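Quantities reported herein were computed from a predicted structural model and do not represent experimental measurements.
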Amino acid sequence: MEQDTILILDFGSQYTQLIARRIREEHVYCEIVRFDITPEEVLKKNAKGLVFSGGPASVYTDASPLPNKGLLEMGIPILGICYGLQAIVMLHGEAVVPVKRREYGPSILVVDDFSDLFLGLPDSFKVWMSHSDAVDSLPDGFVVLGHSDNSPYAAIGDLNRHIYGLQFHPEVVHTEYGNQILANFIFNVCRCRPNWTMRSFVDEQVEAIRNRVGDDRVICALSGGVDSSVVATLVHKAIGDKLTCIFINNGLLRKGEAEKVQRVFGENMHMNLVYVDASDRFLSKLEGVTDPEEKRKIIGHEFIRVFEDEALKIKGARFLAQGTLYPDVIESVSAFGGPSAKIKSHHNVGGLPEDMKFDLIEPLRELFKDEVRVLGKELGLPDEIIYRQPFPGPGLAVRCLGEITKEKLNILREADWIVVEEIKSAGLYRDIWQSFAVLLPLRTVGVMGDERTYEYVIALRAVHSVDGMTADWVRLPYDILARISNRIINEVKGVNRVVYDISSKPPATIEWE
């Protein structure tokens, strides 16, 4: 059964991905596309509906992005949100003007027409506004569906052509009944079927991978993180022993990580798993290096070389399976993903050089991170893999500040183990984006028993985040902090002081290097 699709035209809103997530939560497939998509391209994608996203521009400026006017004549339902509403009005030849009183925050929407979008909703409810421009006059055929004190055209629609506009944002949690408004558009207007499920996704991908691979072989760089683990499991379900996973121990892993990966994927799931202990190779290259960027370059380069050496040993390997996710795809195709300042190299090292001739298999490229976890559940992966907190590609190298030595890594591993153990014991592990220990490159004076000590400092870091782009520090209860501190100082030889990092991102980053 062919799946129904909603297309979201991206005008640069910070909420564009959130719209997609809300639609997929209704089990309807959607894609984010460029704002200038043509009617011909829309037809090829067999779209049942279009959503015009918000955006930071003003539609009346010369450089403002506008959709192809032909989209309005296709007979496909359209929902414009904020800027998207204003773009629809502009394409119909009516005016959008700056408002005297900008509207950022909560407002009360009064519903004037309960058909279509507002079917089954109350007379009035709270919505979230974010605009400094407003519609000045309605195009022919449009009627007011809802208004607020400051926005007489807060919701409009051409009920005959099924073209609608909302000045507010239904996709954000601050808008009451926002999910219901989107669901009304998806199901009542676009007549979509809720057939986007992980079960159907697995069936489609398994068949697609089998057909593409044929009699060839696939290799996969397995880290133990959720993305690579789900990719490996999905590909293994499709082609079995024609998949070989390569797991590289760079000497910078957490305590028990190498053993866990071998147990889960080698012993329990019976995958072809090549375990490479390259610890000495990595640590010798890092000897004496203190600059964070240099550390990353060395680790990334060595990963590529080690992976390349092992991949060449696998005869008949034509394909490389990777855990590319949908946000990565969106970033590469969006008209608004322009250059940004380089803060530091990305943690996920290990991109392959161009001279490695493998065809890519990227079965997760349609999924968001939370959907990958649902997929992992569907595939039967254990919770310890599915809900593992993000771990940087360079591993403990970015949490062991200054020069890296085996002694310091051992101290950090033991301290980090205690942090995670206590966070799990408190039932907070799944609620926290990341929680870990950092070994600082300094020693402080302490007293243990009757003796003076001069030992290392451990910093604790715990943050809440959705995607790692921004983060806020977790207000851990004092008794948990006390328990972690006492255990580290008493159980980890070489540490006599523990501090807690209470900085958010921005201005700080999540990792210390």
Side-chain angles (χ1 to χ4, degrees), residues 18 21 25 173 198 223-230 233 253-261 263-265 268-269 325 347 367-392 395-396 398-399 411-439 457-492 495 497-505 508-512:
L18 188 55
R21 294 165 73 97
E25 285 170 2
V173 295
M198 282 303 116
S223 69
V226 64
D227 299 341
S228 69
S229 298
V230 171
T233 307
L253 304 177
R254 288 173 293 190
K255 183 178 178 179
E257 194 82 19
E259 294 79 7
K260 179 173 68 178
V261 170
R263 183 188 76 250
V264 171
F265 296 97
N268 297 353
M269 305 188 73
L325 301 189
H347 295 311
L367 303 184
F368 290 104
K369 189 77 169 189
D370 55 336
E371 292 173 322
V372 173
R373 296 189 194 278
V374 176
L375 176 57
K377 273 282 193 188
E378 183 70 37
L379 291 168
L381 277 168
D383 286 356
E384 63 178 330
I385 297 292
I386 295 172
Y387 297 108
R388 192 188 82 152
Q389 292 178 356
F391 187 61
L396 297 180
V398 295
R399 297 175 181 175
I411 291 173
L412 180 55
R413 277 194 191 93
E414 294 301 323
D416 187 74
W417 178 266
I418 291 171
V419 173
V420 173
E421 198 172 54
E422 289 297 333
I423 292 295
K424 286 181 176 178
S425 178
L428 298 175
Y429 186 77
R430 291 193 193 179
D431 299 327
I432 295 174
W433 174 262
Q434 278 177 284
S435 49
F436 55 90
V438 179
L439 181 65
V457 178
I458 288 288
L460 307 180
R461 184 77 159 134
V463 296
H464 288 308
S465 182
V466 174
D467 53 15
M469 300 301 294
T470 61
D472 190 23
W473 63 280
V474 178
R475 277 65 171 172
L476 284 175
Y478 287 161
D479 59 329
I480 296 175
L481 287 172
R483 201 155 52 242
I484 292 173
S485 176
N486 289 338
R487 283 196 60 190
I488 289 175
I489 291 172
N490 286 310
E491 298 176 28
V492 182
V495 177
R497 191 179 300 271
V498 174
V499 298
Y500 189 44
D501 181 351
I502 60 169
S503 49
S504 296
K505 176 185 181 180
T509 52
I510 295 176
E511 302 289 347
W512 278 44

Which heavy atom of Arg254 sits nearest to which heavy atom of Gln389, and what is that distance?
NH2-O, 4.3 Å
Heavy-atom donor-acceptor pair, Arg413 side chain to Lys255 backbone, under 3.5 Å
no
I'd like to know if the side chain of Ser465 pairs up with that of Gln434 as donor and acceptor (distance under 3.5 Å, no hydrogens or angles considered).
no
Please determine which of Asn486, Asp479, Leu481 meets the side-chain contact (heavy atoms from CB on, under 4.5 Å) test together with Arg483.
Asp479
Nearest heavy-atom neighbours spanning Ile385 and Val226:
O-CB, 3.9 Å
Stepwise, does the side-chain contact (heavy atoms from CB on, under 4.5 Å) test hold for Arg497 with Ile489?
CA-CA 7 Å; Arg497 191 179 300 271; Ile489 291 172; 5.7 Å; no
Could Glu384 and Arg263 be called an ion pair, given the rule that one side-chain N must be under 4.0 Å from one carboxylate O?
yes
Could you give me the CA-CA distance, side-chain angles and deciding distance for Phe391 and Leu396, then say whether side-chain contact (heavy atoms from CB on, under 4.5 Å) is met?
CA-CA 9 Å; Phe391 187 61; Leu396 297 180; 4.1 Å; yes
Are Val492 and Trp417 close enough, and set up right, to give a side-chain contact (heavy atoms from CB on, under 4.5 Å), and what steps lead you there?
CA-CA 10 Å; Val492 182; Trp417 178 266; over 6 Å; no
Does the Arg461 side chain pair with the main chain of Glu511, one donor and one acceptor, at a distance under 3.5 Å?
no
Heavy-atom side-chain proximity of Leu379 to Met198 below 4.5 angstrom
no
In terms of heavy-atom contacts, Ala437 and Ile458 come closest through CB-CG2, 3.9 Å
side-chain contact (heavy atoms from CB on, under 4.5 Å) between Arg21 and Asp370: does it pass, once the steps are laid out?
CA-CA 9 Å; Arg21 294 165 73 97; Asp370 55 336; 3.2 Å; yes
Indicate the atoms forming the closest heavy-atom contact of Leu476 with Ala462, along with that distance.
CD1-CB, 4.2 Å
Considering all heavy atoms of both residues, which atom of Tyr500 and which atom of Leu460 are nearest to each other, and what is their separation?
CD1-O, 3.4 Å
Nearest atoms (heavy-atom pairs only) where Arg388 meets Lys260
CD-NZ, 4.3 Å
